Protein chains: 2
Amino acid sequence: MRSLGQRIELLGVLAHPVRIRILEELTRGVKCVSDFEDFLEISQPNISQHLGLLRNHGVIDFYMDGRLRCYFLVDPIIPDLLEILKTDYHKSLPAPSCCPVTKKGSYPGKRRR
Amino acid sequence: MRSLGQRIELLGVLAHPVRIRILEELTRGVKCVSDFEDFLEISQPNISQHLGLLRNHGVIDFYMDGRLRCYFLVDPIIPDLLEILKTDYHKSLPAPSCCPVTKKGSYPGKRRR
DNA sequence: ATTATATATTCAAATATTATTATATTTTTA
DNA sequence: TAAAAATATAATAATATTTGAATATATAAT
């Protein structure tokens with residue numbers, strides 16, 4: 001199982017708009033760097049940096065095709081994670097109802113803003 | 001549905017060891033600030049800062065119980081997300097096999113390190 | 001009313017992340 | 001073999017996040 005540290009690390013890796021877009025694109029198939037240049041509005045070196053970061057963390061890998069690097073997903077959690085992030089939950093979790101629930105308290109009391 | 005920006009924001013909020021531990025604890029039930037002091041080895045103000053951040057992002061909320069603040073989960077994605085992060089995937093995703101897959105390339109070529 | 005308890009807020013310092021710019025590497029093509 | 005194409009690396013600058021220290025607020029108990 002992923003350790004706590006590994007879970008945090010993964011979250012940190014995902015927590016960037018460019019990297020999420022790269023990963024969402026890769027769930028649809030292999031892409032080379034210049035494919036990303038077409039729809040990410042950032043510089044080529046910056047794209048490479050993000051791809052390198054994802055690769056260093058074992059999230060993606062690549063094949064060579066001539067001078068193209070064809071990146072693809074490796075970590076199997078990614079599609080599931082991306083899907084769950086897009087899921088629509090329309091109700092909040094139910095407010096806790098039974099007491100006492102904290103160590104010292106006699107909850108519930110009044111809700112405050 | 002959560003926008004891309006909201007998804008990134010959520011990931012950023014979760015990508016911290018203290019906050020993940022707080023949330024994992026809250027999936028088991030309500031906790032007040034001093035409960036967290038028992039197992040997080042950081043200062044009380046720092047705990048409050050993390051709780052405040054989680055609350056500002058709509059992930060948790062609290063009830064008052066006298067002078068205790070009893071925090072609880074609000075965002076329903078949290079338990080699912082925490083669970084998926086802990087899931088054991090033992091196989092990598094299958095390497096892509098069909099070509100051509102990139103815009104310009106004639107993939108697959110040889111895999112490189 | 002005063003004091004103690006539980007928790008929050010503020011600001012600055014420390015640290016980490018990200019983007020930018022310039023340059024390097026690798027492979028292909030001429 | 002020289003030039004072009006695709007991509008990476010390195011160094012720095014810009015920005016954001018995190019922590020620490022001091023102080024503030026609110027409620028409860030005396």
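Treat the numbers as computed from the prediction; the structure is a model and nothing was measured.
B:R67 places its CZ atom 16 Å from the P atom of C:dT3, with the value rounded to the nearest Å. For B:D38 and C:dA6, the CG to P distance is 11 Å, given to the nearest whole Å. Rounded to an integer number of Å, the gap from CG of B:N46 to C1' of D:dA22 is 14 Å. At whole-Å resolution of the value, CG in B:L68 and C1' in D:dT25 are 15 Å apart. For the pair A:D35 CG and D:dA5 P, the computed distance is 17 Å after rounding to whole Å. To the nearest angstrom, C1' of D:dA8 lies 7 Å from CD of A:Q44. In this structure, CE of B:M64 is placed 9 Å from P of C:dT7, rounded to the nearest angstrom. Separating the CD atom of B:E37 from the C1' atom of C:dA6 is a distance of 8 Å, rounded to the nearest angstrom.
Using a 4.0 Å cut-off, some side-chain N or O of A:S34 falls inside it from OP1 or OP2 of D:dT7. Residue A:R69 places no side-chain N or O under 4.0 Å from the OP1 or OP2 atom of D:dA6. At the phosphate of C:dA8, OP1 or OP2 sits under 4.0 Å from a side-chain N or O atom of B:Y71.
With hydrogens and angles ignored, the 3.5 Å screen pairs no side-chain donor or acceptor of B:H57 with any backbone N or O of B:V59. Between the side chain of B:N46 and the main chain of B:I42, no donor-acceptor pair closer than 3.5 Å is present. The closest donor-acceptor contact from the side chain of A:D80 to the backbone of A:I77 lies at 3.5 Å or more, if one exists at all.
What you find for A:V30 and A:C70 is that their closest heavy atoms are CG1-CB, 3.5 Å.
Within residues 12-21 of chain B, the residues approached by DNA chain D to less than 4.0 Å at the level of any non-hydrogen atom are B:H16, B:R19, in residue-number order.
Using the Watson-Crick or G-U wobble rule with both distances under 3.5 Å, C:dC11 pairs with D:dG20.
Salt bridge status for A:E24 with A:K86: present, with a side-chain N to carboxylate O gap under 4.0 Å. A salt bridge between B:R2 and B:D75 is present, with a side-chain N of the basic residue lying under 4.0 Å from a carboxylate O of the acidic one.
Residues A:F62 and A:V74 form no side-chain contact, since every pair of their non-hydrogen atoms from C-beta on lies 4.5 Å or further apart.
Residue B:Q49 is the one, among B:Q49 and A:S43, whose nearest nucleotide of DNA chain C lies closer to the 5' end (criterion: closest heavy atom). For the pair A:P45 and A:L53, nearest-nucleotide mapping onto DNA chain C gives the more 5' position to A:L53.
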